[in-house]
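As the structure lists them, so they are numbered: ligands from 1, and atoms in each ligand from 1.
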Amino acid sequence: MRPPTGRSPRRLMTSPEPAQDQTPARLAADTDVLVVGAGITGIYQLFRALEAGFSAQLLEAGHGVGGTWYWNRYPGARFDSESYTYGYLFSKELFEEWEWQEHFAQQPEIERYLNHVVDRFDLRRHMRCGARVTSATYAESSGRWAVETSEGTEYRARFLVAATGILSVPYFPDLPGRQSFRGESYHTGMWPETPVDFVGKRVAVIGTGSSGVQVIPAIAGEVASLTVYQRTANWCTPLNNRAITPEEQAQLRAGFETMCETLNTSPSGFLHPVCDRQAFDDSIAERLAFFEAMWDSPGFSKLTSNYTDLTANHAANALWCEFIAEKIRSIVRNPETAERLIPKDHLYAEKRPPFVTGYYEVYNSPNVSLVDLKQTPIVRVTEHGIETTDGARDFDIIVWGTGFDFGTGALSRMGIRGRRGLALEDHWADGPKTFLGVQSAGFPNFFFPGGPHAAAGNNPRYNGDQVDFITGTLVSLRDRGYDTIEVDPADEERWTSMVDTGAAASPFGESSYFFGSNIPGKPRRYLLNSGGRPKLFKEIRKVVDNDYEAFRLSRSSDPAEATA
Ligand SMILES: Cc1cc2nc3c(=O)[nH]c(=O)nc-3n(C[C@H](O)[C@H](O)[C@H](O)COP(=O)(O)OP(=O)(O)OC[C@H]3O[C@@H](n4cnc5c(N)ncnc54)[C@H](O)[C@@H]3O)c2cc1C
């Protein structure tokens, strides 16, 4: 048994560390349901729990609500999902009263939206921001969770729901001298609330993943110089964002029910129509025209509406990649820079494809330069800048677009202790083990919607499926006089091996962060749900139809439970 320290062996997160308070924690609340995380998943879970008549409280480490959309406030941060397909669908009134300004909203609008939801449904009084959970311990004698926070408070709850996010623990590469830099330094996933002044500054951006390629064009016009440090070139395609016209607003309102039905049954949770052809069904001319249409299409439709064999057939994928490569060559005037921006080590969607607005164009500006870290790796960060094998450059600001400890990062750092003191990070030492991506064996009454083994497209859609399942489960328990639920290890094993086996057929390669590959020492295990949303639906239905047979239900007053 390990003590509940709330710390993980890998120390990646540099957001404020929990205060190590020696004095006994003050009991702040005792509720039926305690939710951790005020992102889109946690807010929804809080709403549903209260609506179902449970007492509920939410704790959030950040000083405001929004989760991803609170922390990632860097210039250029915006949706890659269509705004109206990402927002909540549980209330038609909410949908009608919130008019998204753009098809792909920017961070400030998203943060405003989530705050609006919190106030609209009177949730704020059940929330505590600035409270990082440092430990959560299951007491077998009472069947309740005891949760401690960085504020030195304790919360107790029958059910603990960690909606702590898959992309909420920023990752910094372990580079010598990183702390010695005397200029300003920001991670995109921990951006300060006070806007950063880039005007006339010498700026370095490290990383060209989804966040890096958003921030680069957003600041390129303001800075004196911008040096982009690229480890991996990515297949970036245009987001094709635009304002939502008044006619489209009216259509969205009128089509609400149809849209919900499409989204609620879509495998990826998007509205994009599915293609009916494989790449080689078309003639060369037809294929080129189709690829042009894809290039001009919005966001993720380049993946979800592309040829049906795009990710399964390497030859088909290579054609699409060559099409994108030609686009890059036609936009970027310097041929050497263009070649460096074209991925050579993976096909389209083997890594999460980023979407961009004016990204390749910035490399035509005289103040922007690209450093290929595969050719000239970073040796160290100095007091004044960055040194590669090619020499040192000085900067005023370094932006770290270096990603996150995906999937398991937050849950492994929360100090979760289940039966007999079992540490979640130990149970998951070789990779997460879950059932439906909501529960783990040995951790009764503990759920983690929006965590590993669940993700399969447009996040709020399947996270919402999980929250609805959890809430329905709690109601069912209450109705039948049970108060304890724990997944059977055999079902945990079944779901986990479904995920692992299906990973081979997933479009994503092992070099993708969806396998944890960006974090040194992290086990290479698939962190998404390779069965996709249809598998999640099917299994949830099966669980409910079979009276929760995948779970052990009990009463805390049962002798077996009390002595377990
Ligand atoms: C820049 C960026 C853009 C994205 N764009 C899209 C997109 O367009 N479409 C899409 O589907 N997905 C997108 N994602 C994924 C995104 O994370 C999800 O869409 C969604 O926001 C997840 O919501 P969540 O509530 O599950 O988690 P989060 O929004 O990550 O919220 C989790 C919250 O839990 C809190 N927390 C964690 N640990 C603790 C603790 N110990 N104690 C207290 N609080 C804690 C965190 O502070 C955080 O606020 C994007 C992610 C990023 C980083």
Is [X] touching ligand 1 with its side chain, its backbone, both, or neither, if touching means heavy atoms under 4.0 Å apart?
X	answer
Phe404	side chain
Asn72	side chain
Ser210	neither

Which word best sums up how the rings of [X] and [Y] line up, parallel for under 30°, tilted for 30 to 60°, or perpendicular for over 60°?
X	Y	answer
Trp145	Phe446	tilted
Tyr86	Phe79	tilted
Trp191	Tyr74	perpendicular

Query raised in the report: Any cation-pi pair here, Arg73 with Tyr70, using under 6.0 Å and within 45°?
Result: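 Positive - Arg73 is close enough to the ring of Tyr70 and near enough to its axis.
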Requested in this report: Give a yes/no verdict on a cation-pi contact between Arg178 and Phe172, requiring under 6.0 Å between NZ or CZ and the six-membered ring centre and an angle within 45° of the axis.
Outcome: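 Yes, cation above the ring, under 6.0 Å and within 45°.
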Considering heavy atoms of the protein only, find what lies nearest to [atom] and give residue, atom and distance to 0.1 Å.
atom	value
atom 23 (O) of ligand 1	Ile40 CG2, 3.5 Å
atom 39 (C) of ligand 1	Thr164 CG2, 3.9 Å
atom 7 (C) of ligand 1	Ser81 OG, 3.6 Å
atom 17 (O) of ligand 1	Thr68 OG1, 2.8 Å
atom 31 (O) of ligand 1	Gly67 CA, 3.5 Å
atom 11 (O) of ligand 1	Asn459 N, 2.7 Å
atom 20 (C) of ligand 1	Tyr86 OH, 3.2 Å
atom 6 (C) of ligand 1	Trp69 CZ2, 4.0 Å

May I ask you to check whether [X] and [Y] place their ring centers less than 6.0 Å from one another?
X	Y	result
Trp400	Tyr186	no
Trp428	Phe448	yes
Trp100	Tyr84	no
Phe95	Tyr88	no
Phe514	Tyr526	no

Query raised in the report: Under the 3.5 angstrom rule, does the side chain of Ser301 hit a backbone N or O of Pro298 as a donor-acceptor pair?
Result: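 Yes, Ser301 side chain to Pro298 backbone: donor-acceptor pair under 3.5 Å.
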Query raised in the report: Are the side chain of Lys522 and the backbone of Phe406 linked by a donor-acceptor contact shorter than 3.5 Å?
Result: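 Side chain of Lys522 to backbone of Phe406, a donor-acceptor pair under 3.5 Å: yes, one is there.
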Does even one non-hydrogen atom of [X] get within less than 4.0 Å of ligand 1?
X	value
Gly451	no
Phe104	no
Ile166	no
Ala77	no

**Report entry** Met127 vs Leu46 side-chain heavy atoms within contact, under 4.5 Å
**Finding:**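 In short, these two side chains touch, coming nearer than 4.5 Å.
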Report task. Any chance you could measure Gln466, atom CD, to Tyr44, atom OH, to the nearest 0.5 Å? Result ->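 Taking CD in Gln466 and OH in Tyr44, the distance rounds to 12.0 Å.
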Atoms of ligand 1, numbered as shown, that sit under 4.0 Å from any heavy atom of [X]:
X	answer
Ser168	30 (O)
Leu167	15 (C), 51 (C)
Ala131	43 (C)
Tyr74	1 (C)
Asp80	7 (C), 8 (O)
Asn463	26 (O)
Met414	41 (N)
Asn458	11 (O)

Query raised in the report: Counting only heavy atoms not in Asp122, do more than 12 sit closer than 6.0 Å to its CG atom?
Result: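 Atom CG in Asp122 is packed in, count exceeds 12.
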Taking N or O atoms only and a 3.5 Å limit, does [X] qualify as a polar contact for ligand 1?
X	answer
Arg352	no
Ala61	yes
Ser211	no

Query raised in the report: Counting heavy atoms only, which of Glu60, Arg132, Gln214, Gln45 comes nearest to atom 46 (C) of ligand 1?
Result: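 Heavy atom nearest to atom 46 (C) of ligand 1 belongs to Glu60.
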**Report entry** Candidate with minimal heavy-atom separation from atom 41 (N) of ligand 1, of Leu239, Leu411, Val133
**Finding:**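 Comparing heavy atoms across Leu239, Leu411, Val133, the nearest one to atom 41 (N) of ligand 1 lies in Val133.
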Query raised in the report: When Ile216 is tested against each of Val205, Val399, Val203 for side-chain contact (heavy atoms from CB on, under 4.5 Å), which residue passes?
Result: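 Going through the options one by one, the only one that passes is Val205.
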